[in-house]
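Sequential numbering from 1 along the given sequence is applied to the chain's residues. All ligand and atom numbering here is 1-based and tracks the order in the structure. Source: prediction; values computed, not measured.
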Amino acid sequence: MTDKRGKLVVVGTGLRTVGHMTVEAISWIRMADRVVYVVGDPVAEDMIAALNEKSESLQTLYSSSTKRIDTYNAMVERVLSLVREGLTVCAVFYGHPGVFVYPSHEAVKQARAEGFSAVMLPGISAEDCLFADVGFDPATTGCSSYEATDYLFNQRPTDPASALVLWQIGILGNEGYSPMGRYETPLMPLLIAKLGRFFAPTHHVAVYEAAVQFGCRPRISWIRISGLATVELSAASTLYIPPGAPTRPDAQVHAQAVAMGIPIGGD
Ligand SMILES: C[S@@+](CC[C@H](N)C(=O)[O-])C[C@H]1O[C@@H](n2cnc3c(N)ncnc32)[C@H](O)[C@@H]1O
């Protein structure tokens with residue numbers, strides 16, 4: 001044990017480490033006593049190691065025989081054990097560290113509960129890249145964003161006049177870990193049927209994979225919803241479903257606004 005109080009700073013690499021990592025994140029990685037990281041690509045690992053030699057991967061905690069939630073809890077425990085030693089720990093996750101990342105939020109929560117200082121800094125997420133690459137502005141029609149398995153098993157609101165983003169489409173229904181990043185998705189027909197309640201089966205959707213290396217191009221595969229049964233997916237796939245119906249104005253609010261003498265577009 002050192003006599004220094006521990007501190008946790010959680011940062012993201014963005015999707016493309018070379019280019020997306022913020023100056024703030026780089027500074028914390030440099031300054032930390034210890035760096036732990038969960039990043040998918042070797043370029044990011046090299047960059048982190050070059051910034052701070054006292055860095056270790058938590059990726060090694062994954063195994064095909066362990067449920068993902070157990071691996072995540074082991075990651076939290078490793079981070080907390082270093083903070084309890086009184087160290088300033090920088091935990092690095094790819095993308096935005098707080099977007100679809102259970103161990104980052106849990107580590108911050110637990111560190112604060114134990115009286116340590118803990119902060120999370122924002123990063124560039126896959127959805128941020130999607131908006132840029134696919135050319136969709138969520139301000140136009142709105143956009144809902146769900147984890148694919150959560151969306152399938154729960155009654156999440158779906159507005160066919162808005163865009164829908166389903167994360168983790170390539171690991172639909174999986175709780176485990178595949179070292180090769182390829183998963184069986186036997187529940188896909190159920191998801192296709194559920195999406196069919198809101199969108200035509202011929203509606204075109206995009207399987208999206210942002211480029212993770214500088215100068216590379218994203219994968220954007222436009223297919224019909226029914227094509228989800230056969231299209232190749234990976235753990236890095238995100239599904240983008242553009243609006244499939246016109247926006248329905250709220251007639252009641254329009255009438256109320258008009259009665260107030262406030263002009264509304266089209267009225
Ligand atoms: C555990 S979440 C991590 C998200 C990450 N923290 C972020 O900010 O984007 C993993 C999911 O993010 C999405 N994702 C990760 N890498 C991606 C990429 N290169 N292109 C598109 N989506 C990606 C996929 O939906 C994937 O299943």
Side-chain angles (χ1 to χ4, degrees), residues 10-22 25 36-44 48 58-59 61-62 67-73 75-76 91-108 120-136 138 143-152 163-185 187-188 191 205-223 228 231-241:
V10 176
V11 305
T13 59
L15 264 280
R16 284 191 284 291
T17 310
V18 179
H20 286 186
M21 207 195 269
T22 65
V36 294
Y37 60 86
V38 185
V39 295
D41 81 290
V43 174
I48 292 166
L58 298 184
Q59 199 87 16
L61 295 171
Y62 281 111
K67 278 187 162 187
R68 274 204 310 276
I69 185 66
D70 295 331
T71 304
Y72 295 158
N73 284 325
M75 289 176 179
V76 174
V92 188
F93 295 85
Y94 80 93
H96 185 306
V99 174
F100 289 80
V101 188
Y102 167 86
S104 59
H105 285 288
E106 199 53 32
V108 167
M120 180 186 288
L121 308 179
I124 295 179
S125 74
E127 194 175 67
D128 297 318
C129 298
L130 186 154
F131 292 146
D133 285 331
V134 174
F136 170 71
C143 177
S144 307
S145 198
Y146 300 109
E147 199 281 330
T149 308
D150 170 76
Y151 177 81
L152 176 61
L164 178 63
V165 172
L166 295 182
W167 297 69
Q168 305 201 143
I169 187 72
I171 60 171
L172 183 72
N174 285 270
E175 290 185 341
Y177 172 74
S178 159
M180 300 310 290
R182 304 271 168 212
Y183 294 80
E184 297 292 321
T185 54
L187 296 178
M188 196 59 81
L191 181 65
V205 301
V207 173
Y208 172 70
E209 286 172 18
V212 294
Q213 302 302 344
F214 181 82
C216 295
R217 297 169 72 84
R219 172 191 172 204
I220 306 174
S221 305
W222 286 100
I223 53 165
L228 279 171
V231 73
E232 191 179 318
L233 299 168
S234 79
S237 302
T238 298
L239 185 64
Y240 167 65
I241 306 177

task = Give a yes or no answer on whether the side chain of Arg219 reaches the backbone of Val207 with a donor-acceptor pair at less than 3.5 Å.
result = no
message = Geometry only, no angles: is Phe100 polar-contacting ligand 1 at N/O separations under 3.5 Å?
response = no
inquiry  = What protein heavy atom lies closest to atom 3 (C) of ligand 1? Include the residue and the distance to one decimal.
reply    = Tyr94 OH, 3.4 Å
Best match, Pro103, Ala235, Pro97: closest heavy atom to atom 26 (C) of ligand 1 = Ala235
For atom 17 (C) of ligand 1, the protein heavy atom that lies nearest, with its residue and separation = Ala236 O, 3.3 Å
query = Any idea which of Val99, Asp41, Ile169, Val101 brings a heavy atom closest to atom 4 (C) of ligand 1?
reply = Val99
message = With nothing but distance in play, are any N or O atoms of Glu209 less than 3.5 Å from an N or O of ligand 1?
response = no
query = Does ligand 1 have an atom that lies less than 4.0 angstrom from a heavy atom of Gly170?
reply = no
inquiry  = Could you measure the distance from the OH atom of Tyr62 to the OG1 atom of Thr71? Nearest 0.5 Å is fine.
reply    = 7.0 Å
request  = Could you tell me if any non-hydrogen atom of Phe93 lies under 4.0 Å from any atom of ligand 1?
outcome  = no
key: Heavy atom of the protein closest to atom 8 (O) of ligand 1 (residue, atom name, distance)   = His96 N, 2.7 Å
inquiry  = Which residue and atom name correspond to the protein heavy atom nearest atom 13 (C) of ligand 1, and how close is it?
reply    = Thr238 OG1, 3.3 Å
task = Please determine if Ile124 has a nitrogen or oxygen closer than 3.5 Å to a nitrogen or oxygen of ligand 1.
result = no
task = Report yes or no: does Ser237 have a heavy atom closer than 4.0 Å to ligand 1?
result = yes
